[in-house]
Amino acid sequence: MRRHLRSWLELEFNERIGAPAVRDPARALRRITCARAVGGCITCATVGLVGNVAAYLVRSNYSTESSSRLTELLPSDLDALASHTTIGVLGVQLLLFGGFRPTTMGWKRSEHPPASLLERVDLIAPTWKPRGRVDYSWPGSDAPPHAKLSLFSAISAPPFAVHRVGTTVASLARALEGIGLTADDFDGAARIALREMLTWSLPVASRQLSLSKTKDLTLLVLSFDATPNCRSVDDCPQPGPSNELLAATADAFASRRWSEYGQRVDIIAQWEVAAALHTLRQPWRANTVDAAHSRVVSVGTPGFFENTAQIFGYMLAQMEMSACDSSAGGRVVLLAHPDHLCRALRIGETAFKGSVGPCHGLQLVPAMQPYSVGWPRQPSSAAQLNLFADVSCTVHTGGGVRGATWYDESNGFFQDGEPQRWARHREVWLAYEFWARAKGVATGVIGLAHLDD
């Protein structure tokens, strides 16, 4: 821990963020890069979001004036986890995000607060990402040599530990206020990002959107863990255990909709999941849906990292435009790992909002309705929709083969995630989500309109 502290101090942290603080959210977001889907492709351009930010603040009655209590600023959705570890890790991230730095005497407010939302995002970036300085590795894992602060070690090691933290966001807010962090440490742009980082409920429109029972459907499937053992969709003997579970979930949904409603389901899947479906649907396997009733289209480029926004652009290019007609109910369903679902939904709907043609503004039907971060509890029989319930399959993991469901102890997380090590443990993934959501807001791939609910 002393080594991590010395490394952190050696960065000359104050010089890096020497610009004066920016409290105006419009100024703080001028350099944001916005990803926009146009004609089925994702293009990037540097744009000013001054109007969008101002409109959001007015629509949501959101005030840039400081709140009297930090607890009023932080959504409490994470209380459903009852997890001391997740709340403690969040506390360290919030201190960094708020412009505090670790010292030999504990956490201290930086003399020069972050000047933009992008700077705040960089301060909590994992070492697995460019410019990342925070080690998100699970305890017992080898820390990257360039790590400056170990996130999971910091929650229990003086002088970084946030004391008197329970399992609720309110207890965390009180503990952080005891250290000195206040709502004043977050400008308007940071507060918008905080709301996105800590909200784990679906937007109102997604909660109310019912699935069509008469029209054919389209299922969009995002992969979860990467795999070094595959070269193409047809040459992928082990696409990753989470992707095998996602493939079984997609196949079960297609089979069920055909048998119950006579609906054809087109599956447009990121290539790792498409590879798993290719294996799952071999002619000699029983109980899989007939290919005539459900085609599979692969998107993405094997061997290259492509982010979620890019994958949605490829999916849009492969969709039948008639699928975007929601007059008879929602017809495009989004399937992702349950803990990836909320962010994926926001990115997807932002991409469709920026598209042209019949799919402009398309609302996606999430694979779980209603949704809570506490989903690993046994699925409710009263759920409006839950593609993850009653799904089981065999997966390749740990050098062997075993059965898996979404509701067993691992909850779709496996030790095989490589190089995506954030997909190995749920606690690590949730910490990674906080950063990824903030980055999504800062870069524009998560539109501000989706924060109104």
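- Between Arg231 atom CZ and Cys236 atom SG the span is 8.0 Å, to the nearest 0.5 Å.
- Looking at Lys215 and Ser327, their side chains never come closer than 4.5 Å, going by heavy atoms from C-beta outward.
- Judged by distance alone, the side chain of Asn243 and the main-chain N or O of Ala276 form no donor-acceptor pair under 3.5 Å.
- Summarising the geometry, atom CZ belonging to Arg424 is positioned 13.0 Å from atom CZ belonging to Phe413; distances are rounded to the nearest 0.5 Å.
- Counting heavy atoms from C-beta outward, Leu172 and Leu94 have side chains that approach closer than 4.5 Å.
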Could you walk me through whether Leu74 and Leu90 pass side chain to side chain contact (heavy atoms under 4.5 Å, CB included), step by step?
-> CA-CA 11 Å; Leu74 308 177; Leu90 174 62; over 6 Å; no

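- Remark: the backbone N or O of Asp225 is not paired with any side-chain donor or acceptor of Glu272 at under 3.5 angstrom.
- Without hydrogens or angle criteria, Glu244 side chain to His396 main chain gives a donor-acceptor distance under 3.5 Å.
- Taking the side chain as every heavy atom from C-beta outward, Phe253 and Ile267 never approach each other to under 4.5 Å.
- Looking only at side-chain heavy atoms (C-beta outward), Val89 and Tyr136 stay at 4.5 Å or farther from each other.
- Taking each heavy atom of Leu202 and Met368 in turn, the nearest pair found is CD1-O, 3.5 Å.
- Distance check: Gln384 CD to Gln208 CD gives 9.5 Å after rounding to the nearest 0.5 Å.
- The main-chain N or O of Arg331 is never found under 3.5 Å from a side-chain atom of Ser212 such that the two would form a donor-acceptor pair.
- In this structure a side-chain-to-backbone donor-acceptor pair under 3.5 Å is present from Tyr371 to Pro338.
- If you take OG1 on Thr168 and CG on Leu81, they are separated by 12.0 Å, rounding to the nearest 0.5 Å.
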Give the intermediate values and the outcome of side chain to side chain contact (heavy atoms under 4.5 Å, CB included) for residues Ser206 and Leu364.
-> CA-CA 7 Å; Ser206 298; Leu364 301 170; over 6 Å; no

Would you sort out whether Phe152 and Thr85 count as a side chain to side chain contact (heavy atoms under 4.5 Å, CB included), showing the intermediate values?
-> CA-CA 8 Å; Phe152 283 88; Thr85 297; 3.9 Å; yes

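- Just one residue in the list Trp429, Tyr432, Trp375, Trp200 forms a side-chain hydrogen bond (donor to acceptor under 3.5 Å, both in side chains) with Asp339, and that residue is Trp375.
- In this structure, CZ on Phe414 lies 10.0 Å from CZ on Phe224, to the nearest 0.5 angstrom.
- Of the possible donor and acceptor atoms, none in the side chain of Arg69 sits under 3.5 Å from a partner among the backbone N and O of Ala173.
- Nearest heavy-atom pair, Pro126 versus Trp435, reported as atom, atom and distance to 0.1 Å: CD-CD2, 3.5 Å.
- Closest of all the heavy-atom pairs between Ala80 and Arg377 is O-NH1, 3.4 Å.
- The two residues Leu118 and Ala442 come nearest to each other via the heavy atoms CD2-CB, 3.6 Å.
- Here the two rings, on Tyr407 and Phe388, have centers that are 6.0 Å apart or farther.
- Formation of a donor-acceptor pair under 3.5 Å by the Thr350 side chain with backbone atoms of Arg346 is found in this model.
- Residues Arg257 and Leu211 meet the side-chain proximity criterion, which asks for heavy atoms closer than 4.5 Å.
- In this structure, the side chain of Glu306 engages the main chain of Thr301 through a donor-acceptor pair within 3.5 Å.
- Within 6.0 Å of the CG atom in Asp408, the count of heavy atoms belonging to other residues, nucleotides or ligands exceeds 12.
- No side-chain donor-acceptor contact under 3.5 Å links Glu427 to the backbone of Trp138.
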Audit row: Val134, Val92, side chain to side chain contact (heavy atoms under 4.5 Å, CB included) steps and yes/no = CA-CA 10 Å; Val134 181; Val92 175; over 6 Å; no

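- The closest donor-acceptor contact from the side chain of His84 to the backbone of Val165 lies under 3.5 Å.
- The environment of CD in Glu260 is crowded: more than 12 heavy-atom neighbours from other residues, nucleotides or ligands sit within 6.0 Å.
- The side-chain heavy atoms of Val162 and Leu176, taken from C-beta on, include a pair separated by under 4.5 Å.
- Rounded to the nearest 0.5 Å, atoms CD1 (Ile268) and CE (Met315) are 7.0 Å apart.
- For Ser232 and Asp234, the side-chain atoms include no donor-acceptor pair closer than 3.5 Å.
- Inter-residue side-chain proximity for Leu149 and Arg133 is flagged as unmet; no heavy-atom pair is nearer than 4.5 Å.
- At least one side-chain heavy atom of Phe352 sits less than 4.5 Å from a side-chain heavy atom of Met319.
- A donor-acceptor contact closer than 3.5 angstrom is absent between the side chains of Thr218 and Glu320.
- Ring pair Trp406/His337 is perpendicular by interplanar angle, where above 60° counts as perpendicular and below 30° as parallel.
- Pro370 and Ala383 make their closest contact through CD-CA, 4.2 Å (heavy atoms, listed as atom of the first residue, atom of the second, distance).
- A cation-pi contact links Lys129 to Phe305, judged by a cut-off of 6.0 Å to the six-membered ring centre and 45° from its axis.
- When all heavy atoms are compared, the tightest approach of Leu70 to Glu177 is N-OE2, 2.8 Å.
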Evaluate the side-chain hydrogen bond (donor to acceptor under 3.5 Å, both in side chains) criterion for residues Arg343 and Thr308: first the C-alpha distance (whole Å), next the side-chain angles of each, then the deciding distance (0.1 Å), finally the verdict.
-> CA-CA 9 Å; Arg343 177 163 57 94; Thr308 303; 4.7 Å; no

